[in-house]
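Here the structure comes first, spelled out in structure tokens, and everything after it is commentary.
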Amino acid sequence: MGRSPKTQNTRKRASDLEHIVLTFEDNHLASLLFGQFDEHLAMIEQELAIEAVARGNQVELKGMENATAQGRSALQHLYARLESGDQIDQGDVSGAIRMAAADNEPSLPFKGKSGMLSMATIGTRKKVIQARTPTQDAYIRAMDRVELVFGIGPAGTGKTYLAVAYAAALLERGAIDRIILSRPAVEAGERLGFLPGDMKDKVDPYLRPLYDALYDMIPGDKVERALQNGDIEIAPLAFMRGRTLANAAVILDEAQNTTSMQMKMFLTRLGENSRMIVTGDPSQIDLPHGTKSGLVEALELLEKVDNIVTVTFTSADVVRHKLVADIVNAYDNAGRKRASNSKS
């Protein structure tokens, strides 16, 4: 592993402006760090409103003192990942920038002993996944710490993806015997009879996001074998009734579309040496009018119960295309406006 990048600081003004020069020992890794046509540096420039100019294996950062410090922290973290053999993409760069910015908050545990960023990590056979936002970091740490975690928030925040990744990591290292993934098969009713095929054919389209996440974490042939021998089970929520799920990681996705009875049934399946993760978006409830969401009720009833953690994601945690965050914000603003008008 190469040495840490060298840093030179030149203060342009005693107040705010700063000029930092970072030198990276490995020219090849520096090229990967900067990105094709310096696209990673362009992201840093845009997100932090600073200049980031590459010259060989060096990069010059110019701008406000706080922003250049964040850029330096993000680049040093990404270079360390490359040194350890990881690959980085634009999502990793965006995540490092977000975490470097959040590191100004003294209550957030993002600094390691070396002073560099230290984000929560999930290691699976196919990839190493690092938190890309402070909320993702809190979510991963919560899954490590307690047996029941609620991940609540809009689409694109990684709440289901990270839950499946965490379950895959537990299975691979032998901490559990099986993974059980579930979601309401159809909004509010699980009415599958009109669909063609056997039960697997009927429910697979509703469970496809869970399959996709699994194949991203575990080699395809191993997923197929695990599905066949029961080490991984993907089933609609109705199939959970009457079972005790011990030595397992159990994930309920799209939980906002459960009824109160369904949610209680699911939560009481938790067995010895198990982890349960419930994900959903309370703003996207598809239950019949007048039916209370089991997720909303559970969040209210279990708020003060020990060893249960609720992690709430927002549009700031969206890690898909930037437009997704803008769309989420637009809908949230419209919802708040309607709620305000209905009260007046």
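Atom CG of L41 sits about 8.0 Å away from atom CG of L61, to the nearest 0.5 Å. I251 contributes atom CD1, which lies 7.0 Å from atom CD1 of I179 (distance to the nearest 0.5 angstrom). To the nearest 0.5 Å, atom CE of residue M64 and atom CD1 of residue I50 are 12.0 Å apart. Here the straight-line distance linking atom CD of Q136 with atom CZ of R141 works out to 12.5 Å at 0.5 Å rounding. Here the straight-line distance linking atom CG of D212 with atom CE of M217 works out to 10.5 Å at 0.5 Å rounding. Note that the CD atom of Q70 and the CG atom of L48 stand 5.5 Å from one another [nearest 0.5 Å].
Considering only heavy atoms from C-beta on, L214 comes within 4.5 Å of I232 through its side chain. Contact annotation: the side chain of S94 never approaches that of E47 to less than 4.5 Å [non-hydrogen atoms, C-beta and beyond]. Side-chain contact between D92 and R81: present, with at least one pair of heavy atoms (C-beta onward) separated by less than 4.5 Å. In this structure, F24 and L29 have side chains that are not in contact, with every pair of non-hydrogen atoms separated by 4.5 Å or more. You'll find the side chain of P236 stays beyond 4.5 Å of the side chain of R183, heavy atoms only. Side-chain contact between T135 and T314 is absent, with no heavy-atom pair separated by less than 4.5 Å. A heavy-atom distance below 4.5 Å is not found between the side chains of E83 and D26. You'll find the side chain of L17 stays beyond 4.5 Å of the side chain of E65, heavy atoms only.
Of the candidates L162, D253, L252, T279 forms a side-chain contact (heavy atoms from CB on, under 4.5 Å) with just one, namely D253. When the options V278, I152, I308 are evaluated for a side-chain contact (heavy atoms from CB on, under 4.5 Å) with L299, the one that passes is I152.
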### Task
Verify side chain to side chain contact (heavy atoms under 4.5 Å, CB included) between T259 and L287, making sure each step is shown before the conclusion.
CA-CA 8 Å; T259 64; L287 294 166; 4.3 Å; yes
### Query
Does the side chain to side chain donor-acceptor pair (under 3.5 Å) test come out yes or no for Q130 and H77, once each step is laid out?
CA-CA 11 Å; Q130 286 196 336; H77 169 74; 2.9 Å; yes
### Task
Would you please test R275 and M143 for side chain to side chain contact (heavy atoms under 4.5 Å, CB included) and show each step?
CA-CA 8 Å; R275 286 287 193 273; M143 290 187 286; over 6 Å; no
#### Entry: Worked verdict on L245 versus M240 for side chain to side chain contact (heavy atoms under 4.5 Å, CB included)
CA-CA 9 Å; L245 307 175; M240 297 295 104; 4.1 Å; yes
### Message
Please evaluate residues F266 and M261 with respect to the criterion side chain to side chain contact (heavy atoms under 4.5 Å, CB included), reporting the C-alpha separation (whole Å), side-chain torsions for both, the decisive distance (0.1 Å), and the verdict.
### Response
CA-CA 9 Å; F266 179 80; M261 183 173 63; over 6 Å; no
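With R98 contributing its side chain and A316 its backbone, the two residues share a donor-acceptor pair below 3.5 Å. Side chain of E172 to backbone of R125: a donor-acceptor contact under 3.5 angstrom is found. Between the side chain of R269 and the main chain of R243, a donor-acceptor pair closer than 3.5 Å is present. Listed for the K126 side chain is a donor-acceptor partner under 3.5 Å among the backbone atoms of Y215. Remark: the backbone N or O of A120 is paired with a side-chain donor or acceptor of D137 at under 3.5 angstrom. Judged by distance alone, the side chain of N27 and the main-chain N or O of N57 form no donor-acceptor pair under 3.5 Å. Not one N or O on the side chain of S274 forms a donor-acceptor pair closer than 3.5 Å with the backbone of A249. Judged by distance alone, with hydrogens and angles left aside, the side-chain atoms of T121 form a donor-acceptor pair with the main-chain N or O of M119 at under 3.5 Å.
Under a 4.0 Å N-O distance rule, the pair E45/K62 does not qualify as a salt bridge.
A single hydrophobic cluster is seen to contain both I122 and V223, as judged by linkage of ILVMFWY side chains at heavy-atom distances under 4.5 Å, directly or through other members. Both L148 and M265 belong to a common hydrophobic cluster when Ile, Leu, Val, Met, Phe, Trp and Tyr are linked at side-chain heavy-atom distances under 4.5 angstrom. No single ILVMFWY cluster, assembled from side-chain heavy atoms under 4.5 Å apart, contains both L78 and V53. Taking hydrophobic clusters as Ile, Leu, Val, Met, Phe, Trp and Tyr residues chained together by side-chain heavy-atom distances below 4.5 Å, L170 shares a cluster with L227. Hydrophobic clustering of Ile, Leu, Val, Met, Phe, Trp and Tyr side chains at less than 4.5 Å, counting indirect connections, keeps I218 apart from V128.
Around NZ of K264, the count of heavy atoms belonging to other residues, nucleotides or ligands within 6.0 Å does not exceed 12. Shown here is E300, whose CD atom has more than 12 heavy atoms of other residues, nucleotides or ligands within 6.0 Å. The environment of R173 atom CZ is dense: over 12 non-hydrogen atoms of other residues, nucleotides or ligands sit within 6.0 angstrom.
Nearest heavy atom pair, residue P154 against residue S315, reads CG-N, 4.1 Å. Summarising the geometry of V318 relative to A155, their closest heavy-atom pair is CG2-O, 3.8 Å, with the distance given to 0.1 Å. Of all heavy-atom pairs between S283 and D281, the closest is OG-OD1, 2.7 Å. P282 and L295 make their closest contact through CG-CD2, 4.2 Å (heavy atoms, listed as atom of the first residue, atom of the second, distance). What you find for Q262 and L237 is that their closest heavy atoms are CB-CD2, 3.7 Å. Listed here is the closest heavy atom pair of D89 and H40: C-NE2, 4.1 Å.
Relative orientation of the F313 and Y139 rings is perpendicular, given thresholds of 30° and 60° on the angle between their planes.
Looking only at atom types and distance, the side chain of T157 has no donor-acceptor partner in the side chain of D317 under 3.5 Å away. Side chain to side chain, S293 and Q256 fail the donor-acceptor criterion of an N or O pair below 3.5 Å.
Take N247 and apply the side chain to side chain donor-acceptor pair (under 3.5 Å) test, not counting sequence neighbours, and it matches N273. For the side chain to side chain donor-acceptor pair (under 3.5 Å) test, residues two or more places apart in sequence or in another chain that qualify with R55 are E60.
Among pairs with a residue in residues 143-171, none fulfils ring-ring contact (aromatic ring centres under 6.0 Å, His included), at least two apart in sequence or across chains.
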